[in-house]
Amino acid sequence: MSDTVTITDNRTGNQLECPIISGTYGEPVIDTKLLHKELGMFTIDPGFGTTASCRSSITYLDGDNGVLLHRGYPIEQLAENSNFTEVCYLLLHGELPNSQEMVDWDHAIKMHTMTHEHLSRFYQGYRYDAHPMSIMAGVVNALASYYHDATDIQNPEHRLLTAKRVIAKMPNIASKCYRYASGLPFVYPDNDKGFVENFLYMTFSWPSEQYAPPPVAIRALELLLILHADHEQNASTSAVRLAGSAESNPFGCIAAGINTLWGKAHGGANEAVVHMLEEIGDTSNIQKFVDKAKDKDDPFRLMGFGHRVYKNYDPRATIIRKACHDLITEMNIDQPMFEVAMELERIALEDDYFIERKLYPNVDFYSGLIYQALKIPVSMFTVMFAMARSAGWIAQWIELMEDPDFRIGRPRQLYIGTEKRDYVDVAKR
Ligand code: CMC
């Protein structure tokens with residue numbers, strides 16, 4: 001039996017044999033490329049629920065079994081043993097670096113931590129209370145105007161240089177989003193510090209004080225960056241790829257990703273979770289909110305619950321839950337919201353509504369509590385996510401640019417509008 005699926009148009013009896021293509025893991029896909037040519041039809045799949053948009057060798061996730069691999073390495077092992085810049089290298093190069101490659105990579109990233117001085121003035125155009133995601137998207141987009149030395153997107157060296165710039169500059173840009181809103185002076189990077197420490201230094205140090213973040217905070221943030229670095233073809237990554245497929249400027253593509261991530265169904269959920277937990281306030285109110293989430297007439301959803309792909313525990317949520325517990329214990333923080341979160345998780349996971357729909361806590365459920373424990377303001381949570389995900393976005397953009405199947409992304413539609421009609425002069429309407 002051949003590896004094909006036969007599609008029969010029952011109206012005409014015409015048939016098309018579509019090849020079934022298998023990857024390393026996961027469900028095989030049906031190649032429907034010839035569907036329009038042979039049968040004169042398109043497919044429709046709102047929300048891309050069953051559509052693979054590309055071939056990729058960067059990240060694999062098995063939603064039924066809660067598995068997440070980057071270049072074949074389980075997320076649990078990376079979280080335990082790696083660091084964010086090493087994960088960036090892995091995502092971009094496909095292999096872990098050896099010792100010398102790691103030294104060279106760290107150095108290369110450090111050589112790009114500064115931003116052009118004029119870019120610092122860009123922030124002044126924003127209102128003092130602008131959302132940092134809006135600022136970040138604008139500033140990253142503006143980076144496109146500074147790097148004319150690397151605008152040839154067909155040149156692999158230019159692409160890698162752009163990747164280094166994106167990864168290295170995001171902490172600097174993110175820190176300024178925070179400091180602008182807080183009325184604090186911008187701080188230049190200190191390349192003697194590690195990637196995460198440098199971010200904390202640029203973000204939270206005061207000109208009048210010595211600043212040394214606790215190692216436990218550095219490690220917690222490093223962990224969050226690793227866990228958010230990539231997640232295959234999610235909405236923001238797909239936005240980056242779609243923009244990239246038009247051969248747009250890569251910084252503009254990353255800005256598209258930032259704007260997509262901002263939504264509360266995606267990266268904005270970490271912010272929404274904390275607002276929700278604060279609204280719940282006390283474990284005695286949880287059932288009321290669980291009932292609201294189940295009520296089909298109420299738009300409320302449990303934030304940080306559910307995932308398009310994970311129909312089991314999100315492996316990142318398992319790691320973050322433990323990290324959150326450890327951090328709160330180690331820093332001796334009174335964090336009543338953590339109690340509320342754990343109890344909410346327990347109640348929801350025993351509820352038939354959530355069991356039947358396989359709704360589990362996702363990465364955003366506990367991450368906000370860690371950011372809160374690190375005194376990162378709520379409006380900055382999604383910025384933190386974007387800082388980490390920029391590594392995945394740029395790796396996926398490079399993969400797209402090198403894809404032999406590269407062509408502009410151009411979905412089709414099923415037109416359900418009005419039939420053709422003649423224009424009527426305004427006086428006669
Ligand atoms: N609370 C209550 N019900 C839910 C929830 C939730 N959080 N999530 C899904 N459902 C229900 C939904 O109403 C639907 O029920 P029914 O079958 O009766 O109509 C069913 O579960 C399937 O949901 P869906 O909307 O078809 O699932 P989706 O794959 O389109 O949406 C999601 C996935 C993540 C957008 C959604 O689960 C959600 O809105 N969750 C809350 C927001 C959130 O936590 N987002 C972060 C996602 S993970 C990190 C990231 O992507 O950045």
Side-chain angles (χ1 to χ4, degrees), residues 45-51 53 59 61-64 66 68 75 133 224-241 256-277 279-280 286-321 341 344-371 378 380-393 396:
D45 178 21
F48 303 106
T50 60
T51 298
S53 62
T59 292
L61 71 99
D62 172 349
D64 291 329
L68 172 58
I75 191 66
M133 282 298 276
L224 286 180
L225 294 185
I226 294 170
L227 294 179
H228 286 90
D230 191 50
H231 211 229
E232 54 119 298
Q233 308 312 319
N234 55 83
S236 56
T237 302
S238 298
V240 170
R241 277 183 175 262
I258 294 170
N259 282 316
T260 310
L261 187 75
W262 191 1
K264 75 175 165 50
H266 193 7
N270 53 18
E271 192 177 328
V273 168
V274 168
H275 290 312
M276 176 187 75
L277 293 175
E279 210 186 327
I280 295 174
I286 289 175
Q287 192 58 52
K288 202 168 67 198
F289 281 83
V290 169
D291 292 341
K292 254 168 85 66
K294 289 156 55 175
D295 181 355
K296 289 289 161 205
D297 296 326
D298 190 326
F300 174 77
R301 285 185 165 197
L302 278 194
M303 287 292 115
F305 257 80
H307 197 275
R308 170 63 60 80
V309 185
Y310 291 122
K311 301 300 169 198
N312 196 328
Y313 248 99
D314 178 338
R316 301 166 302 170
T318 314
I319 300 169
I320 291 184
R321 184 185 200 268
L344 174 58
E345 176 186 337
R346 189 190 66 75
I347 292 177
L349 291 183
E350 286 175 3
D351 192 299
D352 283 346
Y353 174 96
F354 291 86
I355 295 170
E356 280 160 19
R357 290 168 180 76
K358 299 186 176 166
L359 300 170
Y360 288 84
N362 58 49
V363 69
D364 291 319
F365 193 63
Y366 287 103
S367 62
L369 293 177
I370 298 192
Y371 292 135
V378 178
M380 282 289 288
F381 290 2
T382 315
V383 166
M384 309 298 297
F385 194 157
M387 192 165 92
R389 186 56 58 83
S390 60
W393 289 331
Q396 300 266 354

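Counting starts at 1 for both ligands and their atoms, in listed order.
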Should the ring pair H231 and Y310 be called parallel, tilted or perpendicular, given that the plane angle runs from 0 to 90° and is split at 30 and 60? tilted
Contact summary for F385 and Y371, nearest pair of heavy atoms: N-OH, 4.1 Å
Scan for salt bridge (Lys or Arg N to Asp or Glu O under 4.0 Å) pairs involving residues 355-365, sequence neighbours excluded, and state none if there are none. none
Between N362 and H307, is there a donor-acceptor pair closer than 3.5 Å when you use the side chain of the first and the backbone of the second? no
Residues at least two apart in sequence or cross-chain that pass side-chain hydrogen bond (donor to acceptor under 3.5 Å, both in side chains) with K288, listed by chain then number, are none
Can you give me every donor-acceptor pair (side chain of residues 263-275, partner residue at least two apart or in another chain, under 3.5 Å) with its distance?
from, atom 1, to, atom 2, distance (Å)
H266, NE2, N234, OD1, 3.4
H266, NE2, S236, N, 3.1
H266, NE2, S236, OG, 2.9
N270, OD1, T382, OG1, 3.1
N270, ND2, F381, O, 3.4
E271, OE1, H131, NE2, 3.1

Select all protein residues for which some heavy-atom-to-ligand 1 distance is less than 4.0 Å, and list them by chain and number. K264, A265, H266, G267, A269, A293, K296, R301, L302, M303, G304, F305, G306, H307, R308, Y353, R357, L359, N362, V363, D364, F385
